[in-house]
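All remarks here apply to the structure that follows.
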Amino acid sequence: MKSLTITRPDDWHCHLREGDRLGTTVPDTARTFARAIVMPNLNDPVTSVDKARNYRDAILPHIPIDTAFTPLMILYLTAHTSKTDIDAAQSSDFIYGVKLYPAGVTTGSAAGVRKLTSLYPVLERMAEVGLPLLIHGESRDPAIDVFDRERVFIEKELAPLCETIPTLKIVLEHITTKEAVDFVSDSGPNVGATITPHHLLYNRNDMLGHSIKPHLFCLPILKRSHHQTALLEAATSGNSKFFLGTDSAPHAINKKESSCGCAGIYSAPYALAFYADIFEHENKLDKLQAFASHYGADFYGLPRNQETLTLIKQEQRIPDSLAFGAKQVIPMGAGQTLAWSIQ
Ligand code: DOR
Ligand code: ZN
């Protein structure tokens with residue numbers, strides 16, 4: 001196959017950051033994706049409709065004029081989030097969900113949730129009004145091994161939540177384990193999951209097997225290869241519960257190549273070409289359009305995009321680094337060649 005025209009995709013999970021960094025991240029995402037769910041884990045988290053509006057207003061001027069890109073804003077759940085906040089979010093025309101970060105599990109999660117059950121009344125209101133809960137699914141218990149945190153979260157927090165509030169719309173974000181694939185597959189139609197290009201492409205051996213690769217460090221952390229296999233099967237299965245979310249999460253080089261390096265991988269500019277390579281390698285290119293462009297919109301109850309995008313079988317080399325505000329960021333696959341390009 002020499003070219004592939006698909007409905008223009010959306011990114012159902014990305015980090016655009018803030019300040020001068022928006023000058024890199026917004027165009028990089030807007031050149032591929034028609035819409036993106038914008039994560040709210042800023043230095044000052046996006047905990048209210050007003051903050052979401054201000055953040056959106058900061059993003060909009062960076063959208064290139066030759067693209068039609070819509071940022072979909074998300075509220076950050078804290079112990080102080082109220083039913084009134086949920087109603088305000090639902091009646092705004094730019095907020096599409098609420099993000100649960102268990103406190104302390106990842107970048108920008110310090111203001112997150114310590115005791116999920118205390119927020120059940122708020123989550124019940126979300127279920128009533130149909131506002132989705134987007135979950136960073138890792139246990140915040142520091143005694144749990146980092147490779148087990150997703151599995152334990154599913155057992156101890158997610159399963160009880162789904163039992164107590166069975167109508168809540170849930171996206172389990174950036175899933176990394178066979179247990180997550182199985183949980184989502186076995187749940188009702190109101191539970192879906194995003195899958196990143198990095199969790200499809202790499203496993204923990206790639207990060208730690210020969211030398212330490214700080215640019216492959218992300219959270220939830222890369223797992224064993226049999227989990228990677230389960231994710232590949234889920235993404236390419238044609239099951240509408242699994243859809244594209246890059247979790248593109250840039251950090252400046254000095255924050256990655258450090259004695260205390262940040263979690264996050266910058267994939268936005270080449271993400272779709274990565275997904276195309278992955279699906280082709282699995283002999284499932286015919287499943288790419290639905291995963292990238294249909295299932296996420298369907299899950300969120302939004303119209304599928306009308307425009308199309310064409311991928312061509314033309315090699316492109318990923319740059320060694322990219323400008324990132326006044327700093328530099330190393331993109332995923334820096335220096336490598338991709339088989340596909342966007343026309
Ligand atoms: O790797 C990650 N980076 N995982 C997250 O959950 C947060 C993200 C970030 O904001 O850097
Ligand atoms: Zn994320």
Side-chain angles (χ1 to χ4, degrees), residues 10-19 21-22 24-25 28-29 33 36-46 55 71-77 96-113 132-140 146-147 149-150 153 170-177 180 192-204 206-208 212-223 231 243-258 260-268 271 296 324-325 327 329-332:
D10 303 301
D11 185 352
W12 299 100
H13 183 131
C14 87
H15 298 263
L16 295 179
R17 309 303 192 204
E18 53 199 307
R21 287 149 195 226
L22 295 171
T24 297
T25 57
D28 279 355
T29 290
F33 300 104
I37 288 273
V38 182
M39 285 296 135
N41 62 334
L42 304 185
N43 293 327
D44 178 19
V46 182
Y55 186 27
L72 309 178
M73 310 310 290
I74 295 294
L75 277 198
Y76 185 116
L77 188 70
Y96 291 85
V98 177
K99 178 73 186 270
L100 162 63
Y101 286 105
V105 295
T106 189
T107 311
S109 65
V113 174
L133 179 69
L134 284 53
I135 299 184
H136 183 111
E138 288 197 283
S139 169
R140 61 180 301 270
V146 67
F147 293 100
R149 285 179 191 165
E150 184 173 275
F153 178 88
I170 290 174
V171 186
L172 188 54
E173 299 289 341
H174 41 53
I175 56 170
T176 65
T177 56
T194 52
I195 304 184
T196 75
H198 44 279
H199 291 106
L200 293 173
L201 206 54
Y202 306 114
N203 62 62
R204 67 194 205 177
D206 298 303
M207 177 179 54
L208 297 169
I212 187 160
K213 304 269 175 35
H215 296 287
L216 291 185
F217 177 56
C218 61
L219 288 169
I221 201 160
L222 297 169
K223 305 296 194 300
L231 296 173
F243 44 89
L244 184 157
T246 61
D247 197 16
S248 177
H251 293 277
I253 294 179
N254 61 307
K255 300 280 187 188
K256 294 289 293 174
E257 298 175 7
S258 155
C260 188
C262 294
I265 297 178
Y266 190 49
S267 61
F324 183 48
K327 306 250 177 167
V329 61
I330 308 263
M332 178 163 124

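Start at 1 and go down the list; that is how both ligands and their atoms are numbered. All residue numbers in this chain count up from 1 along the given sequence.
- Of the heavy atoms in I265, none comes closer than 4.0 Å to ligand 1.
- At a cut-off of 2.8 Å, H13 is counted among the residues with an N, O or S atom near the Zn ion (ligand 2).
- In this structure, atom 4 (N) of ligand 1 lies nearest to the protein heavy atom L219 O, 2.7 Å.
- At least one side-chain heavy atom of F153 sits less than 4.5 Å from a side-chain heavy atom of P102.
- For ligand 1, the polar-atom distance check finds no N/O of Y101 at less than 3.5 Å from any of the ligand's N/O atoms.
- On a distance-only criterion, G264 and ligand 1 share at least one N/O pair closer than 3.5 Å.
- Using a 4.5 Å heavy-atom threshold, the side chains of T196 and S267 count as separate.
- Side-chain contact check for K223 and T176: at least one donor-acceptor pair (N or O, by modelled atom type) lies under 3.5 Å.
- Taking backbone and side chain together, E173 holds no N, O or S atom under 2.8 Å from the Zn ion (ligand 2).
- With hydrogens left out, the protein atom closest to atom 3 (N) of ligand 1 is A263 O, 3.1 Å, a heavy atom.
- Without hydrogens or angle criteria, H174 side chain to T194 main chain gives no donor-acceptor distance under 3.5 Å.
- Summarising the geometry of G245 relative to P197, their closest heavy-atom pair is O-CD, 4.4 Å, with the distance given to 0.1 Å.
- The distance from ligand 1 to the heavy atoms of N41 drops below 4.0 Å at these ligand atoms: 9 (C), 10 (O).
- Among the atoms of H15, an N, O or S atom is found under 2.8 Å from the Zn ion (ligand 2).
- For ligand 1, the atoms sitting less than 4.0 Å from at least one non-hydrogen atom of C218 are 1 (O), numbered in the order shown with element in parentheses.
- Contact between G264 and K256 at its shortest, heavy atoms only, is O-NZ, 2.7 Å.
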### Task
Kindly indicate, with the supporting measurements, whether the criterion side chain to side chain contact (heavy atoms under 4.5 Å, CB included) is fulfilled by H13 and L134.
CA-CA 9 Å; H13 183 131; L134 284 53; over 6 Å; no
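- In D247, the N, O or S atom that comes nearest to the Zn ion (ligand 2) is OD1.
- You'll find the side chain of H199 reaches within 4.5 Å of the side chain of L222, heavy atoms only.
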### Task
Evaluate the criterion side chain to side chain donor-acceptor pair (under 3.5 Å) for residue pair H136 and E173; output intermediate values, then yes/no.
CA-CA 6 Å; H136 183 111; E173 299 289 341; over 6 Å; no
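- Those atoms of ligand 1 with a heavy atom of H136 less than 4.0 angstrom away are 6 (O).
- Here the closest non-hydrogen pair linking S139 and V105 is O-CG1, 3.6 Å.
- By the 3.5 Å distance cut-off applied to N or O atoms, A249 is not counted among the residues near ligand 1.
- With hydrogens left out, the protein atom closest to atom 7 (C) of ligand 1 is T106 OG1, 3.3 Å, a heavy atom.
- Selection from R17, H15, E173, M39 by nearest heavy atom to atom 11 (O) of ligand 1 gives R17.
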